[in-house]
Amino acid sequence: MANAQHRGGAPGPADSVTGRLGVLLAGLWLIAAVLGARQLMVVLSAPPGERLTDLETWIGPEGVLHVSGSLYDAPDRFTGTPFAGLVLKPLARAAEQALGWGWTFGSLALVVALGVVAARALPPPVSRRTSLLAAPVAISLLMLSLPVRNTFTLGQTSILPVLLVLLGCFAVRGQTASGVLVGVAAALQPTVLLFAPLLWFTGRRRAAAATGVTFAAGTAVAWLAMPHDSFTYWVHHLAGTGLASDPAATANQSLHGMLLRLGLEGPLEIALFLLLGAAVAALGLRRSIAYARDGQLLLAVAITGCVAVAVSPTTWQHQLLWVLLAVVGRVGAKAADRPVWPIAVVLVMTLPTKAVLPNLPVLAPVRDNLILLAVLAAACAVPFLKRSDPAYRSALPTVYPDPVPARWSWVPLLPVWRRALARPNLLLELLLIRVGYSAYQQVRLVARGGRPRAEEHGAQVHAVERFLHIDIEHWANHAVVPVGWLRDFFDFYYTSFHFVVPLAVLAVLYVRRPADYRWARASLGFATVLALVGFWLYPLAPPRLMPTLGFIDTVHGVQDFSKPDYGTLTAVTNQYAAMPSLHFGWSLWCGVVIVLLAPKWWMKALGLVHPLCTVSAIVATGNHWVLDAVGGAVVVGAGFGLTYLLSGPRSVVAARPAPVGEAEGAGQGRWGSRGSVPER
């Protein structure tokens, strides 16, 4: 009776959940479709000479697959296996335009198939909702990844071996068919043969044998059809080693490429490469076999693929999809630590290395080999959880403070946004801070409005300040210039403390007040985003770049106003990102946080010194107008306000004795350890 009443009446909870799941699923597929369409447009709208460049080199009118001689003797020589050349040769007869369209849409279909197969291969326990949502998420990540974008641009075949392996391991029935697919992938990319031991030691010996037989058959057919090319590839160049123009290029993310970039050459480099490759292969395959026996076959496949990436003499960017599959591994017993590994992999595989690590010479060895380091970590080091581990199914929950009543009933606007008491993962924080700042730099750099418009806005600001009688910039600038020690102090303060002090405040909060760290970080992020909007909408020439006002640029030196780009300065920054002043805004944020949280009066007073010195420095050096500082204060206030509106008042944990194990969760520390009232 109740069921009948439910069927005839209003929708029940189950119907509501199903409806929300349908909307979410449709939205995710729409995002995947948009990303796919965008990738198609990027490739097809590029000039003919800038799209499918490798494909053009192979099968274009002058491509190496058209030549009657060796594939490997032409100036733009083929770098694939002879079997790959044999497979691609018939395509050389196709019409160039039709082939380009077909290759591009075919690559898109391969990406979609790869995402669907990977989603279906997720290890149990996987809920129905997760399995439905996983496919569009996987396709979107693939579309955003550097290997897929690189594959589309170059017209490469690197998606096919990965898809063949996944189909062989998860889609086809029968060990023989599985081994044939993996063997064909190995014939296209020889290091895929490393999957044969994985199949053998996990009980699929017929599949392992079929892999070896198929690889040998494909290679033998290519040898019979092209004996000279096969000898060149397998004997003279030892499985393709040395065919690439520059194996030491940063695009080669293999152990061989790393050793060459470190300056090793000759027999020593070869011996070390073989030794390291053998160690990585032994350790990585042992781990992959263990995870396959644990029921995590997709993770085992990803680890084996990472081993293949590392030990290959050359592994170019379009051949690195194996690393992205490693996001399925679960790391960390705490729920808060679970996102660290997936986010790190996604950032490394979707962003340029300079966006992940600062462009500092001391970090060059790490930055140039960043993807390889992620490969080695996945293959040999990351402690992925076993399914038998209790934390695999249910991670330790995150501890949240009790919600603080807000002044208005409709606050917070996002009740699901709760700030945890425990410290966030340090690696994840560093990654997010670095990527966030890199994005800020890029947006700030492109938010240009042109010199005439920026100078027009500068004249407007100057006129407003004169009307308000606060145009003190010229007086301050010329008063400081003759005083050498004062000028040097302001120059040093302007260039040095802008980043150091906010990072120091965040570090102290992270250690002493984790819950307040999250609140402060969010407000700083909102303020910075709002400032970027200001840079975009109102490009403004600072006083030092106003040609007729007679300001002296004490930091950068004398400007040549006859050159619109002002020399080399605009190569590294946007000269017209002056309104609002984030120099002052960030310093004011530091002052507000210190005043609110510091327990001693002298700490609070010291916190106010920084914004006072900063506003003096930006005005005296001619880098900002007074109203720029006002704009900085406005965006900082708005940042605190948005944090309040979206997540509610700042939760404060009163001091209380806590066991050592709870110290992190309670967020206790001497800085601000006294109880305080909730922020309103």
Side-chain angles (χ1 to χ4, degrees), residues 49-58 63-64 71-81 84 145-159 161 188-191 232-233 236-274 276-277 280 305-324 347-377 379:
E50 299 178 9
R51 66 185 181 192
L52 306 176
T53 51
D54 281 2
L55 185 65
E56 179 73 15
T57 301
W58 298 343
V64 295
L71 298 176
Y72 305 111
D73 291 340
D76 294 325
R77 56 190 176 185
F78 190 64
T79 57
T81 63
S145 67
L146 292 172
V148 167
R149 283 149 49 193
N150 195 267
T151 297
F152 270 97
T153 303
L154 298 178
Q156 272 285 353
T157 61
S158 53
I159 299 175
L188 296 172
Q189 191 173 326
T191 51
T232 300
Y233 183 88
H236 182 67
H237 282 289
L238 194 61
T241 306
L243 286 178
S245 57
D246 185 13
T250 55
N252 179 16
Q253 290 292 307
S254 70
L255 286 170
H256 180 51
M258 181 191 69
L259 294 175
L260 291 176
R261 286 190 291 274
L262 293 177
L264 298 176
E265 296 179 351
L268 176 62
E269 188 274 330
I270 295 174
L272 190 56
F273 168 57
L274 294 176
L276 290 176
V280 170
C306 288
V307 173
V309 166
V311 303
S312 176
T314 53
T315 304
W316 306 112
Q317 193 174 73
H318 52 80
Q319 298 170 326
L320 294 168
L321 273 177
W322 302 108
V323 191
L324 196 58
L347 291 179
V348 169
M349 296 305 298
T350 57
L351 297 178
T353 55
K354 290 183 180 179
V356 181
L357 289 177
N359 191 20
L360 299 175
V362 69
L363 295 176
V366 178
R367 187 175 57 251
D368 292 345
N369 301 288
L370 186 61
I371 298 180
L372 175 62
L373 294 177
V375 167
L376 295 176

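The residues of the chain are indexed from 1 along the displayed sequence. Not measured: the values here are computed from a predicted model.
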Does the side chain of [X] reach to within under 4.5 Å of the side chain of [Y], using non-hydrogen atoms?
| X | Y | result |
| --- | --- | --- |
| T250 | R261 | yes |
| L320 | L146 | no |
| Q253 | Q317 | no |
| V323 | V348 | no |

Hydrogens and angles aside, do S312 and S254 bring a side-chain donor and acceptor to less than 3.5 Å of each other?
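Result is no, nothing qualifies.
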So, R367 side chain and K354 main chain: donor-acceptor pair closer than 3.5 Å or not?
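Pair absent, no side-chain N/O of R367 close to backbone of K354.
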Whether N252 side chain and A248 backbone form a donor-acceptor pair below 3.5 Å
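Judged by distance alone, no pair lies under 3.5 Å.
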L321/S158 under side-chain contact (heavy atoms from CB on, under 4.5 Å): CA gap, chis, key distance, verdict:
CA-CA 8 Å; L321 273 177; S158 53; 5.8 Å; no
If you compare all heavy atoms of [X] against all heavy atoms of [Y], which two are closest, and at what distance to 0.1 Å?
| X | Y | answer |
| --- | --- | --- |
| P190 | Y233 | CG-OH, 3.7 Å |
| L264 | L260 | O-CD2, 3.5 Å |
| V311 | G277 | CG1-O, 3.5 Å |
| V362 | P365 | O-CD, 3.7 Å |
| V307 | A379 | CG2-CB, 3.9 Å |

Residues that D368 engages under side-chain hydrogen bond (donor to acceptor under 3.5 Å, both in side chains), provided they are two or more places apart
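Applying side-chain hydrogen bond (donor to acceptor under 3.5 Å, both in side chains) to D368 gives none.
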Could you tell me which residues satisfy side-chain hydrogen bond (donor to acceptor under 3.5 Å, both in side chains) with R149, sequence neighbours excluded, listed by chain and number?
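By the side-chain hydrogen bond (donor to acceptor under 3.5 Å, both in side chains) rule, R149 matches no residue at all.
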Spacing of [atom1] belonging to [X] relative to [atom2] belonging to [Y], to within rounding of 0.5 Å:
| X | Y | atom1 | atom2 | answer |
| --- | --- | --- | --- | --- |
| L259 | L272 | CG | CG | 5.0 Å |
| M349 | L370 | CE | CG | 10.0 Å |
| Q189 | T315 | CD | OG1 | 7.5 Å |
| L372 | C306 | CG | SG | 10.0 Å |

Check step by step if side-chain contact (heavy atoms from CB on, under 4.5 Å) holds for L255 and L376.
CA-CA 9 Å; L255 286 170; L376 295 176; 4.2 Å; yes
